[in-house]
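In what follows, a single structure is set out as structure tokens and then discussed.
Residues: numbered from 1 along the sequence shown. These numbers come from the heavy atoms of this one structure, side chains and all, not from hydrogens, waters or symmetry mates. Every number for a ligand or one of its atoms is a count from 1 in the order of the listing.
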Amino acid sequence: MKELQLTLIQIDNYGPWTVTPRPKREAELQILQSSLYSALQGEFSRRKGIVFPLRLDNMLAISNGLSLDDHREILDSVNGRFPVTVSMGVGTGRTAYEAQLQATLSLQSTGSSRSERRKGVLTGSFLPSPGKVQIAHFDVNHSAILTDSYPIYDTHLLLQRAHLQLIESMKRREALVFYMGGDNYISICNGTSPADLLEVISEVKRRLGVEFKAGVGLASDAETAARLAAEALHEIRRGQAQGPIVYKSL
Ligand SMILES: Nc1nc2c(ncn2[C@@H]2O[C@H](COP(=O)(O)OP(=O)(O)OP(=O)(O)O)[C@@H](O)[C@H]2O)c(=O)[nH]1
Ligand SMILES: [Mg+2]
């Protein structure tokens with residue numbers, strides 16, 4: 001059953017804009033991208049959604065519970081405030097991979113990311129009811145030991161390798177993984193079982209020697225699912241759990 005709703009947010013005609021009339025300063029582009037991300041995170045989180053920065057010119061949001069009108073309001077608010085506009089494609093799916101695929105296809109059908117004519121478009125399909133969001137919050141055990149012992153760039157490399165390993169393992173289960181900073185990774189993972197996650201964690205440990213724990217939250221909106229996942233992690237940290245994975249649902 002389709003219970004997940006994801007929104008692809010894409011900056012309109014951004015490539016050409018970055019070099020017109022001449023290449024813009026990198027720092028200026030970074031300020032724009034982070035301000036836009038911050039504004040969108042504010043708008044989505046006010047409505048119990050959450051935005052993942054992805055590649056910043058394209059972001060993905062969990063939008064369960066957000067209607068067409070909510071999306072229109074967010075577009076109106078953001079598109080008046082920045083020197084660029086964004087378009088949105090909304091998709092639903094049984095899994096996160098399927099929902100992002102539908103969101104992507106929907107947006108791609110309205111024109112190219114490099115089209116001058118496509119501006120502030122909103123397209124896609126919406127869940128008829130709130131549905132369900134499953135979020136896994138992965139966190140490295142005792143990462144402070146790494147941070148305090150090794151050059152920062154070597155720690156960074158290991159955390160990025162762990163990211164890629166999580167991405168690949170979870171994609172085989174049609175789940176998406178995003179790096180959230182520090183030693184934190186969040187996965188949208190509707191349909192994955194505790195046994196799946198145990199296998200993923202064991203694989204990362206076997207290949208990289210990095211040990212993870214994961215708190216999993218299941219709820220009808222992203223905010224609640226993420227909160228439950230964080231609470232589940234907290235239980236593992238306090239030694240209240242049997243293993244490295246705890247599920248919590250409302
Ligand atoms: N995005 C995000 N970052 C966090 C969160 N909690 C901690 N961090 C960051 O992650 C880094 C590592 O924190 P911890 O995971 O608590 O440290 P640790 O040494 O790995 O400790 P344990 O996980 O308890 O074994 C910190 O520097 C924080 O900046 C969170 O909930 N979300
Ligand atoms: Mg940690």
Handout entry: Sub-4.0 Å atoms of ligand 1 with respect to non-hydrogen atoms of Asp139
Key = 15 (O), 23 (O)

Exercise for the section: If you have a sec, work out which protein heavy atom is nearest atom 10 (O) of ligand 1 and how many Å separate them, to one decimal? Expected result: Asn184 ND2, 3.0 Å

Exercise for the section: Flag atom 5 (C) of ligand 1 as yes if some protein heavy-atom distance to it falls below 4.0 Å, otherwise no. Expected result: yes

Fill in the blank from the handout: Looking only at non-hydrogen atoms, the one of His137, Arg237, Arg238 nearest atom 22 (P) of ligand 1 is Arg237

Practice task
Measure from the Mg ion (ligand 2) to every N/O/S atom of Asp183 and report the name of the nearest one.
Solution key: OD2

Problem - For Asn141, the ligand 1 atoms whose distance to one of its heavy atoms is below 4.0 Å - result: 25 (O)

Exercise for the section: Classify the ring geometry between His71 and Phe126 as parallel (under 30°), tilted (30 to 60°) or perpendicular (over 60°). Expected result: perpendicular

Problem - Contact check, side chains of Val140 and Glu211, non-hydrogen atoms, under 4.5 Å - result: no

Practice task
Within a distance under 4.0 Å of any heavy atom of Lys213, pick out the atoms of ligand 1 and give their elements.
Solution key: 22 (P), 23 (O), 25 (O)

Handout entry: Side-chain donor-acceptor pair present, Tyr14, Gln33, cut-off under 3.5 Å
Key = yes

Problem - Closest approach of any protein heavy atom to atom 19 (O) of ligand 1, naming residue and atom - result: Ala144 N, 2.9 Å

Problem - Side-chain heavy atoms of Phe82 within contact of Ser35, under 4.5 Å - result: yes

Problem - Any protein heavy atom < 4.0 Å from atom 27 (O) of ligand 1 - result: no

Practice task
Would you mind checking which non-hydrogen protein atom is closest to atom 1 (N) of ligand 1, with the distance to 0.1 Å?
Solution key: Met180 O, 3.3 Å

Practice task
Compute whether any side-chain donor of one residue and acceptor of the other, for Ser169 and Glu203, lie under 3.5 angstrom apart.
Solution key: yes

Exercise for the section: Please tell me if the side chains of Leu4 and Thr92 come closer than 4.5 Å, counting only heavy atoms from C-beta onward. Expected result: no

Practice task
Identify, for atom 21 (O) of ligand 1, the protein heavy atom at the shortest distance, and state residue, atom and that distance.
Solution key: His142 N, 4.0 Å

Exercise for the section: May I ask you to identify the nearest protein heavy atom to atom 13 (O) of ligand 1, giving residue, atom name and distance to one decimal place in Å? Expected result: Asp183 OD1, 3.9 Å

Practice task
Output yes when a side-chain donor or acceptor of Ser149 lies under 3.5 Å from a complementary backbone atom of Leu146, and no otherwise.
Solution key: no

Practice task
Tell me which protein heavy atom sits closest to atom 29 (O) of ligand 1, plus the residue, atom name and distance to 0.1 Å.
Solution key: Gly182 CA, 4.8 Å

Practice task
Measure Thr147 to ligand 1 on non-hydrogen atoms and call it side chain, backbone, both or neither using the 4.0 Å cut-off.
Solution key: neither

Handout entry: Carboxylate-amine/guanidinium proximity below 4.0 Å for Glu3 and Lys132
Key = no

Handout entry: Contact (N/O only, under 3.5 Å) between Val140 and ligand 1
Key = yes

Handout entry: Between Thr123 and Ser106, a side-chain donor and acceptor under 3.5 Å
Key = yes

Problem - With the Mg ion (ligand 2) as the apex, the O/OD1 angle for Val140 and Asp139 - to 10° - result: 80°

Practice task
Would you indicate whether the side-chain heavy atoms of Phe52 and Ile188 approach each other to under 4.5 Å?
Solution key: yes

Handout entry: Minimum non-hydrogen distance to atom 17 (O) of ligand 1, winning option of Gly215, Ala229, Ser143
Key = Ser143

Problem - Interatomic spacing from CG in Asp139 to OH in Tyr185 - rounded to 0.5 Å - result: 9.0 Å

